[in-house]
Structures are given as C-alpha cells and as structure tokens.
*Asks:* 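Submitted below is the structure of interest, expressed as structure tokens.
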Protein chains: 2
Amino acid sequence: MLTNSRLVHQAHDHGRCINAALTRALDLCVERKARMTPTREAVLRLLWQSHQPLGAYQLQDQLATLLDKTIAPPTVYRAIEFLLQLGLIHRIASLNAYIGCPFPNSDHSNLFMICNNCGSAAEVAHASINELLQTASDKANFTLQSQTLELFGLCPQCASIENESK
Amino acid sequence: MLTNSRLVHQAHDHGRCINAALTRALDLCVERKARMTPTREAVLRLLWQSHQPLGAYQLQDQLATLLDKTIAPPTVYRAIEFLLQLGLIHRIASLNAYIGCPFPNSDHSNLFMICNNCGSAAEVAHASINELLQTASDKANFTLQSQTLELFGLCPQCASIENESK
DNA sequence: ACATTAATGTTATATTATAACGTAACACTT
DNA sequence: AAGTGTTACGTTATAATATAACATTAATGT
C-alpha cells in the first residue's frame with residue numbers, strides 16, 4: 001500500500017515536500033517534453049503548500065498575490081489542466097478542488113482520505129482495493145476505465161482531539 | 001452484492017422501476033413523517049425516467065415542461081435536497097448530477113458504475129469493498145464517515161457495441 | 001530571421017449552486 | 001373555525017465553478 005497518510009497528518013519539514021514535488025515535476029517535464037512555466041510552477045507550489053486541496057479561485061487569489069498581477073480564471077484552469085495531464089496533481093470531485101499528487105510516477109488509482117474537520121487529504125494507492133474494484137467490474141461486465149474514490153471522515157489528529165474533548 | 005446493474009443495462013419494463021421507486025418513497029415519507037409534494041414527486045419521477053443521472057438544470061427544464069410553469073433553481077435544489085436526505089436519490093459528484101437510488105432502505109455505500117458512452121449509472125453495494133475500505137481506513141487511523149465511489153468505463157451494452165465495430 | 005507551435009492575456013459567458021426574504025399551504029391546538 | 005407555528009414554495013439576486021473564443025506574446029526549430 002502506497003500512501004502519504006502519515007506525512008499528511010503530522011508536522012513535518014514541509015519545504016521538502018514542495019521541493020521534492022518540484023524536482024519530480026521538472027523531471028517529468030523533460031521526459032514528456034513539456035514546459036514548466038512560472039505560472040504552472042507557482043500553481044504546483046501552491047498545491048503543495050498544504051496538504052489540503054485548494055479550489056480554482058483560491059488558487060487564483062493566491063496566485064495573484066504571489067505573482068503580483070491580476071490573474072484571470074482561464075490562466076488558473078490552464079495550469080491546472082496541464083498539471084492534471086502530467087499526473088502531478090489530482091482533482092477531488094466532491095470538493096471541486098485540487099491537490100498535489102505525492103507519487104506522480106506510479107501507475108495508481110487515486111483514493112483519498114479527506115478530513116471533514118481540518119480538510120487535509122491523504123492519498124492512498126491500495127492494490128487490493130483496486131483488484132477488488134476490478135473484480136466487481138468484471139462481474140458486472142463493466143469495462144473499468146477510471147475511478148473517483150474519496151473517503152471522508154476524521155484524520156488521526158482531528159479524531160484524537162475529538163476524543164479528548166469528550 | 002446488491003446491485004441494479006443488470007437492470008440498468010438492459011431493456012426492461014421501466015414503468016415498474018418508477019412505480020416501485022415511488023411506492024418506496026411514499027412508505028419512507030410516512031415512516032419519517034415527511035411530505036411527498038407534487039414537486040418532489042415530479043423530481044423523483046424524472047430521476048427514475050432513465051437510469052442516467054440528471055443535472056439540476058436538466059431537471060429544471062423537464063420539471064418546467066411537466067408542470068407547465070416556470071421553475072426557479074431553488075425549487076429544484078430544494079426537492080433534490082429533500083430526496084437526498086431521505087436517501088431516495090444520490091448525487092454523483094464527478095458529474096454534478098443526481099440519480100434515483102434503487103435500494104433506499106438498505107444501509108449501503110453507494111458505488112456507481114457509470115458508462116462513459118451512454119451515461120447510464122448502475123449502483124452497487126458490495127460488502128467486501130466496504131470492508132476493505134474500512135480496513136484501509138483503520139490502518140491509516142482514519143475515522144471513516146462517508147464515501148464517494150464512482151467508477152467510469154463502458155457498460156456491457158456499449159462495450160459489446162465497441163467490440164463489434166472492430 | 002522566419003515560420004510554427006505553444007503559452008498566455010482578455011473579455012465574455014456558461015454552468016452549478018445558494019442566500020435572502022416574502023408568501024402560501026398545512027397541521028395542530030384550542 | 002380562528003389562531004399559531006411550521007413547512008414548503010415563489011422570487012430575485014448572486015455566489016462559485018468552469019469554459020469559449022479570439023488576440024497577443026513567447027519559445028522552438030530550421
């Protein structure tokens with residue numbers, strides 16, 4: 001099982017996350033002959049600033065501040081589109097929000113565990129879940145092509161806080 | 001495994017689906033002391049007209065035609081909200097669309113298999129998938145509360161058509 | 001340098017969803 | 001039946017998310 005759930009839910013050297021993500025992104029760009037432009041890089045950085053998914057218009061605001069100029073929605077959505085295509089970020093459908101992908105190279109199905117309290121989202125790639133979903137699809141004669149798997153609940157930190165307060 | 005996938009993907013007496021859904025809905029309303037008003041009933045019917053999820057504004061159009069008066073968005077969303085709360089319909093997050101629930105009484109996790117070609121959506125309640133998701137959550141110390149599970153691909157009919165044309 | 005492609009800027013608008021406030025219908029008590 | 005509280009609906013406006021269309025600029029290859 002591949003996951004960043006421990007990392008997400010704990011204090012950690014966050015600069016490293018961002019730098020690692022950026023390095024991976026640059027490598028991927030070279031590989032795919034794609035361009036990592038300032039806007040795209042800024043969006044990627046923002047999506048790694050926290051382990052919480054950000055909406056397009058939150059990104060717009062932050063981007064405008066960061067680059068110190070007005071940014072129109074299409075600019076944001078173009079960067080998002082680009083990063084999605086490279087697999088560097090994911091879209092979380094139930095939140096209309098976007099988040100950096102911790103393991104962009106691996107072929108994986110993105111299952112998210114999203115905290116209802118603090119908003120953090122950890123990604124998990126769980127082989128047996130995927131196998132089971134494949135099996136279930138096969139049984140139904142359904143040709144599986146892609147999937148949206150989003151679990152909502154409480155992250156370890158928020159759960160323990162809730163318990164304390166009882 | 002509880003599913004309506006065979007039904008969804010085959011020709012069948014559709015009037016029955018609707019009537020059955022309506023009967024269940026009325027029972028549930030009595031049980032919960034909720035009111036099944038004309039608007040709510042119309043929305044429920046529309047969501048059972050096909051096994052394809054409908055967006056709120058598609059519902060608005062069809063509702064306006066059906067009731068022969070102009071319908072404003074809040075009216076639609078209120079009916080949707082009501083039906084969602086009773087568990088009579090589901091929201092499909094990746095499509096921003098709504099669909100009738102085939103087994104509203106059972107306590108289940110709504111996994112959908114959605115056809116990328118014809119748009120049909122079958123619901124599946126699969127105990128072992130739920131168990132596995134619960135186990136995965138436990139391992140991550142994540143307190144699971146709800147889930148969005150949406151599989152995309154080709155339904156049996158559309159898949160076989162694709163194969164023929166090769 | 002030039003042509004080509006890729007990326008961005010800009011304006012407008014589509015799509016999905018909700019806030020806020022007023023009115024009407026219903027249901028319960030007396 | 002009149003009064004009262006609650007629930008549902010009507011109406012207007014607007015918020016939030018996303019994209020279309022077209023002009024401009026920048027980068028890349030020859």
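Chain identifiers are assigned alphabetically (A, B, ...) following the order of the sequence lines, protein sequences preceding nucleic acid strands; residue numbering begins at 1 within each chain. Computed from a predicted model, the values in this text were never measured in an experiment.
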*Asks:* I'd like to know whether B:Leu95 forms a side chain to side chain contact (heavy atoms under 4.5 Å, CB included) with B:Phe152, so could you lay out the CA-CA distance, the side-chain angles of the two residues, the decisive distance to 0.1 Å, and finally the verdict.
*Replies:* CA-CA 11 Å; B:Leu95 299 177; B:Phe152 289 86; 4.1 Å; yes
*Asks:* Output a table of nitrogen or oxygen pairs between the protein and nucleotides 10-16 of chain D separated by less than 3.5 Å.
*Replies:*
| from | atom 1 | to | atom 2 | distance (Å) |
| --- | --- | --- | --- | --- |
| D:dG10 | OP1 | B:Lys69 | NZ | 2.9 |
| D:dG10 | OP2 | B:Thr75 | OG1 | 3.4 |
| D:dG10 | N7 | B:Arg78 | NH1 | 2.7 |
| D:dG10 | O6 | B:Arg78 | NH2 | 2.3 |

*Asks:* Take atom CD of B:Gln60 and atom C1' of D:dC9, then tell me their distance rounded to the nearest Å.
*Replies:*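 Between C1' of D:dC9 and CD of B:Gln60: 15 Å.
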*Asks:* Closer than 4.0 Å, any side-chain N/O of B:Tyr77 to the OP1 or OP2 of C:dT18?
*Replies:*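 So the side chain of B:Tyr77 is outside the cut-off, no N or O lying under 4.0 Å from OP1 or OP2 of C:dT18.
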*Asks:* Would you kindly give the CZ-to-P distance between A:Arg91 and D:dT17, to the nearest whole Å?
*Replies:*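 Distance, rounded to whole Å: 10 Å.
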*Asks:* Round to a whole Å and report the spacing from CD of B:Gln85 to C1' of D:dT7.
*Replies:*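 So the two atoms are 14 Å apart, to the nearest Å.
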*Asks:* What is the separation between atom CE on A:Met36 and atom P on D:dA27, rounded to the nearest whole Å?
*Replies:*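 Roughly 16 Å, once rounded to whole Å.
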*Asks:* Between D:dT7 atom P and B:Arg32 atom CZ, what is the distance in whole Å?
*Replies:*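 About 16 Å, once rounded to whole Å.
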*Asks:* Without decimals, in angstroms, what is the distance between A:Ile80 CD1 and D:dA18 P?
*Replies:*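 Going from CD1 in A:Ile80 over to P in D:dA18 covers 7 Å.
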*Asks:* Heavy atoms only: give me the nearest B:Cys155-B:Ser120 pair and the separation to one decimal.
*Replies:*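 Minimum heavy-atom separation between B:Cys155 and B:Ser120: CB-OG, 4.1 Å.
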*Asks:* In whole angstrom, what separates B:Leu54's CG from C:dT15's P?
*Replies:*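 Answer to the nearest Å: 16 Å.
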*Asks:* Can a side chain N or O of B:Arg40 be found less than 4.0 Å away from OP1 or OP2 on D:dC9?
*Replies:*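 Yes, such a contact exists.
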*Asks:* Would you say B:Ile71 and B:Leu59 make side-chain contact, with heavy atoms under 4.5 Å?
*Replies:*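 Side chain of B:Ile71 against side chain of B:Leu59, heavy atoms only: no contact under 4.5 Å found.
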*Asks:* List the atom of B:Ser146, the atom of B:Leu144, and the distance in Å for their closest heavy-atom pair.
*Replies:*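 Where B:Ser146 meets B:Leu144 most closely, the heavy atoms are O-CD1, 3.6 Å.
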*Asks:* Tell me whether the OP1 or OP2 atom of C:dT16 has a side-chain N or O from A:Asn96 closer than 4.0 Å.
*Replies:*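 For A:Asn96, the contact criterion (side-chain N or O under 4.0 Å from OP1 or OP2 of C:dT16) is not met.
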*Asks:* Just how far, in rounded Å, is P of C:dA19 from CD of B:Glu81?
*Replies:*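 For the pair B:Glu81 CD and C:dA19 P, the rounded distance is 11 Å.
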*Asks:* If you take all heavy atoms of A:Gln52 and A:Cys118, which pair is closest and at what distance?
*Replies:*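 Looking at all heavy atoms of both residues, the shortest contact is NE2-O, 2.7 Å.
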*Asks:* List the steps, then state whether side chain to side chain contact (heavy atoms under 4.5 Å, CB included) holds for B:Ile99 with B:Arg91.
*Replies:* CA-CA 7 Å; B:Ile99 192 166; B:Arg91 179 172 196 271; over 6 Å; no
*Asks:* Could you give me the CA-CA distance, side-chain angles and deciding distance for A:Gln134 and A:Asn130, then say whether side-chain hydrogen bond (donor to acceptor under 3.5 Å, both in side chains) is met?
*Replies:* CA-CA 6 Å; A:Gln134 186 60 60; A:Asn130 291 335; over 6 Å; no
